[in-house]
Student: 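Dropping a structure here in structure tokens format, bear with me for questions.
Only heavy atoms go into these numbers, but all of them, side chains included; no hydrogens, no water, no symmetry mates.
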Amino acid sequence: MMCTLRTLFLKGKFPTAAAWKEVTRSAQVQATATFATGPRQNDTTLYEFRTYDIKPSMMSAFMQLCKENFHLRTAHSELVGFWTYELGGLNKVFHIWKYDSFAHRTEVRSKIAIDKLWQGDFISKALPMMDKQDNEIAYLVPWCKLQKPEKEGVYEMVSFQFKPGGPAVWGKAFRAAISTHVNTGYTKLVGVFNTEYGLLNRVHVLWWNENADSRAAGRHMAHEDARVVAAVRESASFLDSQINMLLIPAPFSPLK
């Protein structure tokens, strides 16, 4: 189209209103594609992140209640993992649920609302123990599959808040930064999740380490790796903030 218009101008002719309209539409489509196009989320599988703040005096009782009754909840849908905060927060629990789709989540939530055992044996007793509940919906990024560590350990959740624009803007640099950390071998990547509901432009990265000391030693080594430093520096240019938590898996957590 642009070549055709250039030819018309060279011949002293001017394009019709319809031709101009088509050029404008094409330019808008190309501009939108340039800004928005990134790896597409084709899988409908979603993950719900839930964080509960527990009253300090009730933390032990709450965990015992979960241990005794959480099988009632997992009868309805898949629990990925359940952790308590060790560092980066106090008297908090964090758990991840997997759903096939939003329709699947709606179906499950409807069923547990009328599950008398779950409501009576757990919910009615757990709610008075809580100060606050939060949730987010996230997808695994297209270049990452959920991994299950081969043995027990501790987990680190690192949450990155990026500048607006989405993965089309910061995705490539962020993937490179994650890959360089993986390649050092000091830690195991469990999953990388991009939020769909909650704070947008937020990515949660879940890592596994054998223990907190091995994680600390590995981080010190990584900071001396020129490849890691360069990749992190590039990714940081798109970053607004980040926070991390050390998580301890509960005895009934599928991810140990």
Student: Could you state whether Y186 and L189 fall into the same hydrophobic cluster, counting links through intermediate Ile, Leu, Val, Met, Phe, Trp or Tyr residues with side-chain heavy atoms under 4.5 angstrom apart?
Tutor: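 Each belongs to a different hydrophobic cluster.
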Student: Using side-chain hydrogen bond (donor to acceptor under 3.5 Å, both in side chains) as the criterion, list what pairs up with N91, not counting sequence neighbours.
Tutor: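 Result, side-chain hydrogen bond (donor to acceptor under 3.5 Å, both in side chains) vs N91: none returned.
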Student: Where do R215 and D213 land on the salt bridge (Lys or Arg N to Asp or Glu O under 4.0 Å) test, with the steps shown first?
Tutor: CA-CA 5 Å; R215 180 261 179 198; D213 286 319; over 6 Å; no
Student: Determine which pairs satisfy side-chain hydrogen bond (donor to acceptor under 3.5 Å, both in side chains) with at least one residue from residues 53-64, sequence neighbours left out, and list them in order.
Tutor: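 Every pair satisfying side-chain hydrogen bond (donor to acceptor under 3.5 Å, both in side chains) with a residue in residues 53-64: D53-K92, K55-D131, Q64-E68.
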Student: Less than 6.0 Å separating the ring centroids of F193 and Y47?
Tutor: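 They qualify: ring centres under 6.0 Å apart.
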Student: Determine the minimum heavy-atom distance between L72 and L117, stating which atoms define it.
Tutor: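 Looking at all heavy atoms of both residues, the shortest contact is CD1-O, 3.8 Å.
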Student: If I compare all heavy atoms of P149 with all of V190, which pair ends up nearest, and what's the gap?
Tutor: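 Heavy-atom minimum between the residues: CG-CG2, 4.2 Å.
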Student: Test Y52 against H95 for side chain to side chain contact (heavy atoms under 4.5 Å, CB included), laying out the working first.
Tutor: CA-CA 9 Å; Y52 299 162; H95 39 124; 3.3 Å; yes
Student: Are more than 12 heavy atoms from other residues, nucleotides or ligands located less than 6.0 Å from atom CD of Q133?
Tutor: yes
Student: Heavy atoms only: give me the nearest K148-P254 pair and the separation to one decimal.
Tutor: CE-O, 3.3 Å
Student: Donor-acceptor pair, S253 side chain versus G81 backbone, under 3.5 Å?
Tutor: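 Judged by distance alone, no pair lies under 3.5 Å.
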Student: Suppose the criterion is side-chain hydrogen bond (donor to acceptor under 3.5 Å, both in side chains): which pairs have a residue in residues 164-180, not counting sequence neighbours?
Tutor: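 Not a single pair qualifies under side-chain hydrogen bond (donor to acceptor under 3.5 Å, both in side chains).
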Student: Is it true that the side chains of T187 and N209 contain a donor and an acceptor less than 3.5 Å apart?
Tutor: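 Their side chains do contain a donor-acceptor pair, which is all the 3.5 Å distance test asks for.
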Student: Find the distance between OG1 (T45) and CG (L140) and round it off to the nearest 0.5 Å.
Tutor: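 CG of L140 is found 8.5 Å from OG1 of T45.
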Student: Between L146 and V154, is there a shared hydrophobic cluster once you connect ILVMFWY residues whose side-chain heavy atoms come closer than 4.5 Å?
Tutor: no
Student: I need the minimum non-hydrogen distance between W118 and D115, along with the two atoms involved.
Tutor: N-OD1, 3.1 Å
Student: Can you name the ring-ring contact (aromatic ring centres under 6.0 Å, His included) partners of H104, sequence neighbours left out?
Tutor: Y99
Student: Among residues at least two apart in sequence or on other chains, which ones pass ring-ring contact (aromatic ring centres under 6.0 Å, His included) with F94?
Tutor: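 F94 satisfies ring-ring contact (aromatic ring centres under 6.0 Å, His included) with F49, W83 only.
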Student: Determine, using the 4.5 Å side-chain heavy-atom cutoff (strictly less than), whether L255 and L87 are members of one ILVMFWY cluster.
Tutor: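 No: no chain of side-chain contacts under 4.5 Å links L255 to L87.
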Student: Nearest 0.5 Å, what's the CZ-CG distance between F102 and L46?
Tutor: 5.0 Å
Student: Are V158 and W143 linked, directly or through intermediate hydrophobic residues, by side-chain heavy-atom contacts shorter than 4.5 Å (ILVMFWY only)?
Tutor: yes
Student: What's the separation between atom CD1 in I54 and atom CE in M59, rounded to the nearest 0.5 Å?
Tutor: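 The distance works out to 6.0 Å.
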Student: Please determine, by modelled atom types, if E136 and H204 share a side-chain donor-acceptor pair under 3.5 angstrom.
Tutor: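 Yes - a donor-acceptor pair under 3.5 Å links their side chains.
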Student: Checking T44 side chain against S101 main chain: does a donor-acceptor pair fall under 3.5 Å?
Tutor: no
Student: Is L79 reachable from F62 through a run of hydrophobic residues whose side-chain heavy atoms are each under 4.5 Å from the next?
Tutor: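 Yes.
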Student: Measure across I123 and P128 and return the closest heavy-atom pair with its distance rounded to 0.1 Å.
Tutor: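 That closest heavy-atom pairing would be O-CD, 4.5 Å.
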Student: Ignoring hydrogens and angles, write down the donor-acceptor pairs under 3.5 Å from the side chains of residues 229-252, residues two or more places apart or on other chains.
Tutor:
{"residue": "S237", "atom": "OG", "partner": "E234", "partner atom": "O", "Å": "2.7"}
{"residue": "D240", "atom": "OD1", "partner": "K163", "partner atom": "NZ", "Å": "3.2"}
{"residue": "N244", "atom": "ND2", "partner": "E156", "partner atom": "OE2", "Å": "2.8"}

Student: Is the side chain of T195 donor-acceptor paired with the backbone N or O of L199 at a distance under 3.5 Å, no angle test?
Tutor: yes
Student: Which class fits the ring pair F162 and F160: parallel under 30°, tilted 30 to 60°, perpendicular over 60°?
Tutor: parallel
Student: Let me confirm one number: the CD1-CG distance from I178 to N183, rounded to the nearest 0.5 Å.
Tutor: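 It comes to 11.5 Å.
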Student: Could you check whether F70 and F82 have their ring centres less than 6.0 Å apart?
Tutor: yes
Student: Give me the atom names and distance for the closest heavy-atom approach of G120 to K125.
Tutor: O-CE, 4.0 Å
Student: Atom CG in N69, atom CZ in F122: separation rounded to 0.5 Å?
Tutor: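 So the CG of N69 and the CZ of F122 are separated by 7.0 Å.
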Student: Using modelled atom types and a 3.5 Å cut-off, is there a donor and acceptor pairing between side-chain atoms of Q119 and backbone atoms of I112?
Tutor: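 Yes.
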Student: Do R105 and W97 form a cation-pi contact, if we require the NZ or CZ to be under 6.0 Å from the six-membered ring centre and within 45 degrees of the ring's axis?
Tutor: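 Judged by the rule, R105 and W97 form no cation-pi pair.
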Student: How about CE on M130, more than 12 heavy atoms from neighbouring residues, nucleotides or ligands closer than 6.0 Å, or not?
Tutor: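 Yes, the 6.0 Å shell around CE holds more than 12 heavy atoms from other groups.
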Student: Would K116 and D121 count as a side chain to side chain contact (heavy atoms under 4.5 Å, CB included) here? Give the steps.
Tutor: CA-CA 8 Å; K116 293 182 178 179; D121 291 354; over 6 Å; no
Student: Walk me through whether R50 and E48 qualify under salt bridge (Lys or Arg N to Asp or Glu O under 4.0 Å).
Tutor: CA-CA 6 Å; R50 285 184 164 246; E48 182 174 7; 3.0 Å; yes
Student: Please lay out, stage by stage, how V203 and V205 fare under the test side chain to side chain contact (heavy atoms under 4.5 Å, CB included).
Tutor: CA-CA 7 Å; V203 179; V205 183; 4.2 Å; yes
Student: Distance check, rounded to the nearest 0.5 Å: R73 atom CZ versus C66 atom SG?
Tutor: 12.0 Å
Student: Going through the checks in order, is the side chain to side chain contact (heavy atoms under 4.5 Å, CB included) test met by D225 and T184?
Tutor: CA-CA 9 Å; D225 188 320; T184 63; 4.2 Å; yes
